[in-house]
Protein chains: 2
Amino acid sequence: MPYSNFASMPCTLSRPAALLGERWTLLLLRQIFLGTRRFEDFQATMDISRSVLTDRLNVLLQENVLKRVPYHEDGRTRHEYRLTEKGRDLYPVLMALRTWGEKWMAPEEEETFHLHHRDCGGGVRAKVECTECAAELTARDVQVTAKQ
Amino acid sequence: MPYSNFASMPCTLSRPAALLGERWTLLLLRQIFLGTRRFEDFQATMDISRSVLTDRLNVLLQENVLKRVPYHEDGRTRHEYRLTEKGRDLYPVLMALRTWGEKWMAPEEEETFHLHHRDCGGGVRAKVECTECAAELTARDVQVTAKQ
DNA sequence: TCCCTTGCGTTCGATTTTCGAACTCAGTTA
DNA sequence: TAACTGAGTTCGAAAATCGAACGCAAGGGA
């Protein structure tokens, strides 16, 4: 089973993990959530090779995580890459990565950017909770019933 | 800037994204959260090449996400790979991926495994919340103050 | 009209990664 | 003594990535 087969496994964790676990894809999504939308800007800010950038954008378009939206500049029509609703729903994944990074990889450093709740100015963090009792859960509070 | 430089960027999102965005790493973590601990078992269940498996395990050991723990079997001492506290703290990342997968990639399919809260039997989901007012947040509720 | 610029890719040869199969090695069982 | 097992290591072939150059369509300026 090559790596790509995980993309079609009947598992709601392995399929996303295979998709976002491809090199550059998470970093590309980070850049998108930070507001980058155009090919040239991705290329400039991430210094990714153009052919790989083309490939990754196409995969995300195909998966319907991104969409191409026309815009006008200098009287010309061009396209930019924007998140779909499905793409915006990846926010918790990125926030979970950041919450983890803040706790475990930040030796009291200067942050590259700040995030705060528009309404109250509070901080942002990802967590896992129970859909019934709303308790916050860790790996140890969760029972896995595996079928493979 | 090659891919590897993101691993040392002063950004608490890009460093984790670069680490977990390496091919196989997210799938490896999934397998670990499902209970796999031994080299041979990773190799068998994931069908990853042995050299890449060695490399990925070593990176995670070096990052202190995993630790090698000795155990006895047939009177011999061997080692298995287990999550550290830092590693266990990646749970929300995996759960965020799964929550997304359930919503967007599961055409009413059979799940590979079930997760439920040990105490109350409820389901499990990842979310993002405000550290002040505890409201659940989406990308649109959050203000980004970028410095680059 | 001709040339230059811009945004967005495509192409291509060189370099890195990954693959898969074979090999190693130490301790164990037959 | 020979075979087996878990955990890697080695190595040639295949795939992915890199960087630099090329293509192309639309506008603008001369």
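Hydrogens, waters and symmetry mates are skipped; everything else that's a heavy atom, side chains included, is used. Below, chain A is the first sequence line, B the second, and so on; all start at residue 1.
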Candidate pair A:E80 and A:R82, rule salt bridge (Lys or Arg N to Asp or Glu O under 4.0 Å), full reasoning: CA-CA 6 Å; A:E80 57 187 16; A:R82 317 245 339 216; 3.4 Å; yes
B:Y3 side chain near D:dA16 phosphate (N/O to OP1/OP2, under 4.0 Å): no
Proximity to the side chain of B:S51 - top-ranked nucleotide from C:dT18, C:dC19, C:dC8: C:dC19
Any donor-acceptor N/O pair, B:K86 side chain to A:W100 backbone, under 3.5 Å: no
Euclidean distance, atom CZ of residue B:R37 to atom P of D:dG6 [Å, nearest integer]: 17 Å
Spacing of B:F42 atom CZ relative to D:dA7 atom P, expressed in whole Å: 10 Å
N/O (side chain, B:R78) to phosphate O (OP1/OP2, C:dA26) under 4.0 Å: no
Closest listed nucleotide, where the reference is the side chain of A:T54 and the choices are C:dC19, C:dT10, D:dC18: C:dT10
B:W24 CH2 to D:dA16 C1', straight-line distance once rounded to whole Å: 14 Å
Atom pair distance, as rounded to whole Å: NE2 in A:H79 and C1' in D:dA25: 12 Å
Heavy-atom donor-acceptor pair, B:R37 side chain to B:H79 backbone, under 3.5 Å: no
Value in whole Å for how far the P atom of D:dA25 lies from CZ of A:F39: 17 Å
A:R50 (side chain) and C:dG9 (base): donor-acceptor pair under 3.5 Å: yes
Short side-chain N/O contact to D:dT5 OP1/OP2 from B:R38, under 4.0 Å: no
Phosphate contact (D:dG8 OP1 or OP2) by B:R68 side-chain N/O below 4.0 Å: yes
Sugar-phosphate only, base, or nothing, as touched by B:T77 at under 4.0 Å among non-hydrogen atoms: nothing
Integer-rounded Å distance: D:dT9 P and B:L53 CG: 11 Å
Separation of atom CG in B:D41 from atom P in D:dG8, rounded to whole Å: 12 Å
B:Y81-B:R68 side chain donor-acceptor pair, cut-off 3.5 Å: yes
Nearest to side-chain heavy atoms of A:R76, which nucleotide of D:dT9, D:dA26, D:dT17: D:dA26
Rounded distance in Å - CZ (A:F6) to P (C:dC19): 11 Å
Between A:R23 and B:Y3: side-chain donor-acceptor atoms closer than 3.5 Å: no
Sugar-phosphate, base or nothing in reach of A:Y71, heavy atoms under 4.0 Å: sugar-phosphate
Sugar-phosphate only, base, or nothing, as touched by A:Y81 at under 4.0 Å among non-hydrogen atoms: sugar-phosphate
